[in-house]
Amino acid sequence: IAYVTKTGTTQGIAEEIGRVAAEHGIVADVLPLSAVASPEGYGAVVIGAPINGMQWVPEAGAFVEKHRDALLKVPTAYFFVSYLMNVGAPLWQKTIRKSLDKVSALVPPVKTAGFPGRVDKAFPGFARLLFGLKKGIPIDLVDLEAVREWAEEYVREMVDGRQ
């Protein structure tokens, strides 16, 4: 389970996915993407990264591009983290959800997910207007239960051999 993180949110989500795998007896390395020299030798790969500028961060896409041949040989899953995913204006939500299209065309994933994130402080008025955010939305929207549900489903599919 490799991740890119700017604020620690994506790391926390990756670690939660790793905990679910461990609960099912699966040994999973949970590492920053920069610490993964190659995905070769792994039985499956999960790559997670935040959305920045309405796109999956470039480091994650570059990793998929660089290691395309190796990733095509193993079940590969992707996830993204975005504060705006469920609370922003529909246009932004749609753009965010399409952020995995490029890497999915390079290495089709067995599973994908988008998880809400957190921000350091509330958006100022002009930014709330721009992104379609209602006043008073909590700055932390991380839902570890949703992460666990996705991870449980993913692990079951892997164990059952559906991937």
Side-chain angles (χ1 to χ4, degrees), residues 1-23 28-37 39 44-68 71 76-155:
I1 303 166
Y3 62 87
V4 176
T5 194
K6 304 282 186 194
T7 64
T9 304
T10 307
Q11 178 181 353
I13 289 170
E15 289 170 349
E16 190 67 23
I17 294 168
R19 277 190 282 282
V20 170
E23 289 167 7
D29 293 334
V30 181
L31 301 166
L33 196 60
S34 60
V36 179
V45 176
V46 177
I47 302 170
I51 298 295
N52 190 358
M54 297 300 153
Q55 296 295 319
W56 213 37
V57 294
E59 302 98 292
F63 183 88
V64 173
E65 216 168 305
K66 179 179 179 181
H67 299 288
R68 180 176 186 259
L71 291 170
T76 301
Y78 307 124
F79 73 88
F80 65 81
V81 180
S82 172
Y83 179 78
L84 297 174
M85 191 182 98
N86 295 329
V87 296
L91 170 66
W92 300 123
Q93 291 184 39
K94 181 179 178 183
T95 302
I96 290 165
R97 284 188 170 82
K98 292 177 72 172
S99 67
L100 295 177
D101 288 357
K102 183 178 177 185
V103 293
S104 294
L106 288 171
V107 178
V110 295
K111 197 164 196 66
T112 62
F115 300 114
R118 71 174 58 96
V119 291
D120 294 335
K121 59 185 177 201
F123 282 70
F126 74 91
R128 282 197 324 271
L129 181 63
L130 175 66
F131 293 115
L133 297 170
K134 295 179 177 148
K135 192 172 185 171
I137 294 174
I139 62 171
D140 187 343
L141 299 174
V142 174
D143 181 354
L144 289 182
E145 188 54 40
V147 173
R148 288 188 65 75
E149 287 174 15
W150 181 85
E152 288 278 350
E153 185 177 288
Y154 174 71
V155 167

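Since we're looking at a predicted model, the values are computed, not measured.
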Evaluate the side-chain contact (heavy atoms from CB on, under 4.5 Å) criterion for residues Val87 and Phe131: first the C-alpha distance (whole Å), next the side-chain angles of each, then the deciding distance (0.1 Å), finally the verdict. CA-CA 9 Å; Val87 296; Phe131 293 115; over 6 Å; no
Phe123/Ile137 under side-chain contact (heavy atoms from CB on, under 4.5 Å): CA gap, chis, key distance, verdict: CA-CA 9 Å; Phe123 282 70; Ile137 294 174; over 6 Å; no
Could you go through Leu141 and Asn86, starting from their C-alpha distance and side-chain angles, then the distance that decides it, and tell me whether this counts as side-chain contact (heavy atoms from CB on, under 4.5 Å)? CA-CA 9 Å; Leu141 299 174; Asn86 295 329; over 6 Å; no
What verdict does the side-chain contact (heavy atoms from CB on, under 4.5 Å) test give for Thr7 and Val119, after you've listed the backbone C-alpha separation in whole Å, the side-chain angles of each residue and the deciding distance to 0.1 Å? CA-CA 8 Å; Thr7 64; Val119 291; over 6 Å; no
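Nearest heavy atom pair, residue Pro39 against residue Val36, reads N-CG1, 4.3 Å. Closest non-hydrogen pair, Ala28 versus Ile1, comes out as CB-CD1, 4.0 Å. Across Tyr83 and Pro138, no two heavy atoms sit closer than the pair OH-O, 2.8 Å. For the pair Ile47 and Ala60, the tightest heavy-atom approach, listed with the atom from each and the gap, is CG2-CB, 4.4 Å.
Using a 4.5 Å cut-off on side-chain heavy atoms (C-beta onward), Lys6 and Val57 make contact. Using a 4.5 Å heavy-atom cutoff, the side chains of Val4 and Phe63 are not in contact. Inter-residue side-chain proximity for Ile51 and Leu84 is flagged as unmet; no heavy-atom pair is nearer than 4.5 Å. Val142 places none of its side-chain heavy atoms less than 4.5 Å from the side chain of Phe115. The shortest side-chain heavy-atom distance between Ile13 and Tyr3 does not fall under the 4.5 Å cut-off.
The main-chain N or O of Lys111 is never found under 3.5 Å from a side-chain atom of Trp150 such that the two would form a donor-acceptor pair. Side chain of Thr9 to backbone of Gly117: no donor-acceptor contact under 3.5 angstrom is found.
Between the NZ atom of Lys66 and the CG atom of Leu106 there is a distance of 15.0 Å, given to the nearest 0.5 Å. To the nearest 0.5 Å, the span separating CD on Glu59 from CG on Asn52 amounts to 8.5 Å.
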What side-chain donor-acceptor pairs closer than 3.5 Å can you find for residues 98-105, not counting sequence neighbours?
{"from": "Ser99", "atom 1": "OG", "to": "Ile96", "atom 2": "O", "distance (Å)": "2.7"}
{"from": "Ser104", "atom 1": "OG", "to": "Leu100", "atom 2": "O", "distance (Å)": "2.8"}

Side chains of residues 15-22: which donor-acceptor pairs under 3.5 Å do they make with residues two or more places apart or in other chains?
{"from": "Glu15", "atom 1": "OE2", "to": "Gln11", "atom 2": "NE2", "distance (Å)": "2.9"}
{"from": "Glu16", "atom 1": "OE1", "to": "Arg19", "atom 2": "NE", "distance (Å)": "3.0"}
{"from": "Glu16", "atom 1": "OE1", "to": "Arg19", "atom 2": "NH2", "distance (Å)": "2.7"}
{"from": "Glu16", "atom 1": "OE2", "to": "Arg148", "atom 2": "NH1", "distance (Å)": "2.8"}

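In this structure, Phe80 has its ring center at least 6.0 angstrom away from the ring center of Trp56.
Pairs engaging residues 126-144 under the side-chain hydrogen bond (donor to acceptor under 3.5 Å, both in side chains) rule: Arg118-Asp140 [sequence neighbours left out].
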